[in-house]
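To find a chain, count down the sequence lines: A is the first, B the second, and so on, and within it residues start at 1.
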Number of protein chains: 2
Amino acid sequence: MVQDVMEREGPRSKRAGILAAAIDSFGQDGYEHTKWAKIADEVGIGQTALYHYFESKAHCLLTIMSLELARSLQRFREVTADVPQADAALRAAIAAAYDVSPREVLQMRILQNHMDLLATPRASEREEVERQQARKHVREIEDEWTALVERGMASGAFPERDARALATVVLAMVVSVWRWYRPGGRLSLDDVRELIADAAVRVVGP
Amino acid sequence: MVQDVMEREGPRSKRAGILAAAIDSFGQDGYEHTKWAKIADEVGIGQTALYHYFESKAHCLLTIMSLELARSLQRFREVTADVPQADAALRAAIAAAYDVSPREVLQMRILQNHMDLLATPRASEREEVERQQARKHVREIEDEWTALVERGMASGAFPERDARALATVVLAMVVSVWRWYRPGGRLSLDDVRELIADAAVRVVGP
DNA sequence: CATCGAATTGAACTAAATTCAGGTCAGGAA
DNA sequence: TTCCTGACCTGAATTTAGTTCAATTCGATG
């Protein structure tokens, strides 16, 4: 669900609705291609009302990205927390990565397509805050994958090599899927899970 | 070099200069962040003159992407043509992928960051032509990698599995590097070549 | 009831890409 | 040489979308 962020929202807040509409449009039609005013229409408010919730269209995009990163990170931690064997944890993390709702698929797509936005500072205050937040999540996710690989090396499950580099490669494999995956396409999410899990085990294993 | 495209260019054409300036700015500062007029300044012409060479800023971007895809494809074919063993061809293709000039690094970055542009049709004529061109190159590159993997399976060098899926994974690994690689960063291009070549051999091998 | 802040609005503003309506310039034909 | 043509270029005007502004409505709370 999109709700339950830290900040308490008033009962007649349209924030969640805006995010949902934005995710659908940004994900389906692309960020630059969607007119900000169209989101307002879909939610049933005037364009100006959007600025009560987000400082800008870009701020909304960054929020969507940050939310999805936070969710992914949390999910990773949940499913790997109580799995001591690194190879099992690796498979669990990958399974979790593809255990997503249709809307989360769109969010991952948006995330992949606009990751470059996180590289350069934003002029406006709240955008920059959200960007930093997102960057932090990215770093934490990379750290989690690295720690997982290191754990496997320490336990002897994986041969000793550059853990961070390997983690980067594995993570890239996992997320690159969202660039081409389409529901109803040649491969199902289950197919993808199997494909990537096997590949990851091979990359990191003996 | 950026020149030697099919179309003969007049001697005082600034097209190559525009492309070079655009690659630098789009690659360094990002496409949306660079002002089209700034490119004109850098080349030493008025903003309107840009439209003599490109129908739009997006058309220029699509041209850059298409050019880089064409170059990559050609290079792949060159280095794998006379290598019969699939595993050697795989390593050659990966080596070639990272044997690039600084400007080509930027072009690959631009390509990765805007691949999603190829998914949806363009309203304007020449943009759409360039998009189709780029999509064709993408398809051909995917076909080349797939054929390479299939060749390996047929020869027994790689175990039989879903060749297209595996090729997609390998190609994704190869190109995902451009999202994070920076000259002077933790890993050199030689490091990257080794890292990805090893990973690819593991993914596709026994 | 009074009030406060969240939520909303129409009208005006702005930045940047693009179009328009015409110039200039170099090189080949007459 | 002069003329002509098409490549190349320009300043001014237009367009489009995102954004700001000043002012208003609504609902809960004291």
Side-chain angles (χ1 to χ4, degrees), chain A residues 3 5-22 25-26 29-64 110 114 117 120 122-128 130-131, chain B residues 3 5-22 25-26 29-64 114 117 120 122-131:
Chain A
Q3 54 266 81
V5 202
M6 60 219 72
E7 50 252 296
R8 280 279 157 280
E9 298 192 24
R12 53 186 178 131
S13 168
K14 300 240 168 59
R15 192 184 135 103
I18 294 170
L19 282 172
S25 282
F26 293 173
D29 313 334
Y31 170 73
E32 13 281 347
H33 193 272
T34 25
K35 293 178 200 9
W36 199 207
K38 201 200 80 184
I39 304 295
D41 285 348
E42 284 174 5
V43 179
I45 57 179
Q47 338 176 27
T48 0
L50 291 173
Y51 293 87
H52 179 67
Y53 300 100
F54 298 102
E55 198 178 23
S56 65
K57 188 186 175 191
H59 178 221
C60 179
L61 173 61
L62 286 163
T63 301
I64 289 170
I110 294 167
H114 297 280
L117 216 69
T120 59
R122 308 257 80 205
S124 104
E125 182 65 34
R126 296 171 63 197
E127 282 179 27
E128 179 63 12
E130 211 63 61
R131 186 182 77 97
Chain B
Q3 52 267 77
V5 202
M6 60 220 71
E7 50 253 295
R8 282 279 156 277
E9 299 191 22
R12 48 184 182 135
S13 168
K14 299 240 168 58
R15 191 184 136 102
I18 294 170
L19 281 171
S25 283
F26 293 174
D29 312 336
Y31 170 73
E32 16 283 343
H33 193 272
T34 48
K35 293 175 202 11
W36 199 208
K38 201 201 81 184
I39 304 295
D41 284 348
E42 284 174 6
V43 180
I45 57 179
Q47 335 174 169
T48 0
L50 291 173
Y51 294 87
H52 179 68
Y53 300 100
F54 298 101
E55 198 178 25
S56 65
K57 189 185 174 192
H59 179 222
C60 178
L61 173 61
L62 285 164
T63 301
I64 289 170
H114 297 280
L117 216 70
T120 59
R122 309 257 79 207
S124 103
E125 182 65 34
R126 297 171 64 197
E127 283 179 26
E128 180 63 12
V129 168
E130 210 62 61
R131 185 182 77 97

What one should report as the nearest heavy-atom pair of A:Ile39 and A:Ala22 is CD1-CA, 3.8 Å
note: B:Glu125, atom CD; C:dT19, atom C1'; distance rounded to Å ~ 18 Å
Closest of D:dC9, C:dT9, D:dT10 to the A:Ala49 side chain is C:dT9
Are A:Arg126 and A:Glu130 ion-paired here, with the side-chain N under 4.0 Å from a carboxylate O?
no
Between CG of A:Asp41 and P of D:dG18 the distance, given in whole Å, is 12 Å
Between CD of A:Glu32 and P of C:dA16 the distance, given in whole Å, is 16 Å
From OH of B:Tyr31 across to C1' of C:dA16 the rounded distance in Å is 11 Å
Whichever of A:Gln47 and B:Arg12 has the more 5' nearest nucleotide on DNA chain C, that residue is A:Gln47
note: A:Leu61, atom CG; D:dG18, atom P; distance rounded to Å ~ 12 Å
In whole angstroms, the gap separating C1' of C:dG23 from CD1 of B:Ile45 amounts to 16 Å
Winner on side-chain proximity to A:Lys57, out of D:dC8, D:dT19, D:dC21, is D:dT19
_Does C:dA6 have OP1 or OP2 under 4.0 Å away from a side-chain N or O of A:His52?_
no
Separation of C:dT18 atom C1' from B:Ile39 atom CD1, nearest Å, is 16 Å
| task | Decide yes or no on side chain to side chain contact (heavy atoms under 4.5 Å, CB included) for A:Leu50 and A:Ile45, but give the supporting numbers first. | result | CA-CA 8 Å; A:Leu50 291 173; A:Ile45 57 179; 4.1 Å; yes
Per nearest nucleotide of DNA chain D, the residue lying toward the 5' end, B:Gly46 or A:Lys38, is B:Gly46
- Ignoring backbone atoms, test whether B:Tyr51 places a side-chain nitrogen or oxygen under 4.0 Å from the OP1 or OP2 oxygen of D:dC8. no
Ranking D:dC9, D:dC21, C:dT8 by distance to the side chain of B:Tyr53, first place goes to D:dC9
Of the candidates C:dT9, C:dA7, D:dC9, the side chain of A:Ser13 sits closest to C:dA7
**Message:** Under 6.0 Å from the ring centre and within 45 degrees of the ring axis: does the NZ or CZ of A:Lys57 meet both conditions for the six-membered ring of A:Tyr31?
**Reply:** yes
The side chain to side chain donor-acceptor pair (under 3.5 Å) partner of A:Arg122 among A:His59, A:Glu55, A:Glu127 is A:Glu127
Is it the case that the base of D:dG18 and the side chain of A:Ser56 share a donor-acceptor contact (distance under 3.5 Å, atom types as modelled)?
no
message: Regarding B:Thr34, tell me which of base, sugar-phosphate or nothing describes its non-hydrogen contacts under 4.0 Å with the strands shown.
response: sugar-phosphate
Please determine if a side-chain N or O atom of A:Lys14 lies less than 4.0 Å away from the OP1 or OP2 oxygen of C:dA6.
no
Taken to the nearest whole Å, NZ/B:Lys35 to C1'/C:dA17 is 12 Å
